[in-house]
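Below you'll find the structure, written out as structure tokens, and then a few comments.
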Amino acid sequence: MTTSKRISQSAFDGSRLRVILLVDLQEGAQQQFLDAYEHMRNHVASVPGHLTDQLCQSAENPSQWLITSEWASAPSYLAWVSSEDHIETVRPMQSCVRDLRSMRFSILRETGHAVPLTAETTGGLQGPARTGDGLTRHALTFTVKPGSESKVAEILADYAPPQSRVDDSTRLRRTTLFMHGNRVVRTVEVQGDLMTALRHVSRQPEVRAVEEALNPHLELSRDLTDPESARAFFTRAAMPAVHHVTRGVPGGGPEPSDLRRHALYYPARPGCGMTLARLLSEQDEIAADDPASPVHRSTVFHRDDLVVRLIDVQGDPETDPVGALGVHGPRKAAVLARLLDGAALGVEGPLTGERDATRLLAHADMTLITDRTAPQS
């Protein structure tokens with residue numbers, strides 16, 4: 001019997017989502033926190049896809065609190081948490097908090113029902129338990145002032161990487177930076193807790209120096225010495241991974257040694273970002289079972305009307321532009337063309353053949369700035 005290393009996880013599996021916030025309060029901030037929670041609770045109750053929430057206080061340590069919420073699906077939660085409305089709604093709570101940890105779980109099994117079952121929630125359980133690889137994937141994106149692109153690329157490429165070991169259970173495994181025009185995308189792979197790793201990285205002197213050097217070139221100004229300004233900037237920059245798949249290796253053997261990493265930029269038409277991310281995710285699931293596909297691994301990141309697809313490809317993507325773009329067949333290619341903001345890419349019109357796919361691939365392929373992989377230990 002052969003084993004497989006196929007790994008797949010998706011925000012589009014149709015399951016309900018449980019969000020858990022572990023909160024440690026500032027001393028004396030309890031009433032302010034309760035008032036802020038009431039404001040947030042009353043507002044979030046009307047957000048599409050929100051089902052229920054609970055506020056719990058630790059029985060052992062009164063400064064520790066737990067907020068849980070249930071959502072009809074991961075996409076509905078991600079749309080809310082990425083919005084300006086969310087930033088403004090949670091702002092009153094932030095000054096009360098000493099530390100916060102956020103976790104998200106798809107609901108796999110349940111006994112009884114916390115909320116009444118409706119057409120929206122019936123059957124909203126995750127399917128079979130997934131197999132992971134121990135890594136959390138995340139991306140940040142921001143834009144720089146036009147004309148500063150070459151200077152920004154120089155800053156991002158020329159810095160000493162931080163120590164990969166965060167603590168006994170957390171490692172920063174890989175950081176890759178790309179640019180497309182004046183847009184920067186930084187992807188990270190973390191073993192262990194993502195927020196612990198990001199906080200660790202942000203404290204490193206070499207990283208702080210790079211961030212300070214970037215400040216004059218950013219389109220959206222920030223003050224990293226001001227916790228509220230820094231928090232708002234990185235909240236707006238966050239691009240969650242909504243789908244990841246790694247092709248199975250027959251017999252569980254090593255993966256190919258000639259993989260090359262690319263990031264493809266898919267600006268969507270207004271309001272079409274989530275639909276485009278779902279299309280690419282579904283197509284990558286199909287490709288993962290096709291031995292002829294050049295894509296060994298794919299991660300789809302999404303925020304608002306921007307989708308970035310990180311792929312590890314055997315050989316040159318231009319030898320199979322259709323496969324590299326993540327579309328298979330004329331019908332799916334036509335859907336991709338309708339969802340894409342072709343003008344933003346400089347490529348408009350239908351996607352009817354390999355020539356069009358090659359042209360689109362050339363415009364979507366982001367420029368690799370740096371790729372740092374930590375040694376396995």
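The environment of CD in Q26 is crowded: more than 12 heavy-atom neighbours from other residues, nucleotides or ligands sit within 6.0 Å. Enclosure of atom CZ in R208 is not indicated, since only 12 or fewer non-hydrogen atoms of other residues, nucleotides or ligands lie within 6.0 angstrom.
In the model, S73 has no side-chain atom that pairs as donor or acceptor with a side-chain atom of W71 under 3.5 Å. Using modelled atom types, one finds a donor on one side chain and an acceptor on the other under 3.5 Å when comparing E212 with N215. Between the side chains of Q32 and S95, at least one donor-acceptor pair of N or O atoms lies under 3.5 Å. Residues Q191 and R173 have side chains that bring a donor and an acceptor to within less than 3.5 angstrom of each other. Checking S8 against E285 by side-chain atom types alone, a donor-acceptor pair falls below 3.5 Å. In this structure, a donor-acceptor pair under 3.5 Å is absent between the side chains of D316 and T319. Side-chain polar atoms of T141 and R183 form a donor-acceptor pair below 3.5 angstrom.
With hydrogens and angles ignored, the 3.5 Å screen pairs no side-chain donor or acceptor of S148 with any backbone N or O of K151.
Annotation: cation-pi pair R222/F233 present, NZ/CZ under 6.0 Å from the ring centroid and within 45° of its normal.
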Verify side chain to side chain contact (heavy atoms under 4.5 Å, CB included) between S63 and D24, making sure each step is shown before the conclusion.
CA-CA 6 Å; S63 69; D24 188 13; 3.4 Å; yes

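Distance check, rounded to the nearest 0.5 Å: CZ of R303 to CE of M274 gives 11.0 Å. Here the straight-line distance linking atom CD1 of I286 with atom OG of S293 works out to 11.0 Å at 0.5 Å rounding.
Shortest non-hydrogen contact noted between L325 and A357 is CD1-O, 3.5 Å.
Look at D290 and R247 and you find no salt bridge, because none of the NZ, NE, NH1 or NH2 atoms lies under 4.0 Å from a carboxylate O.
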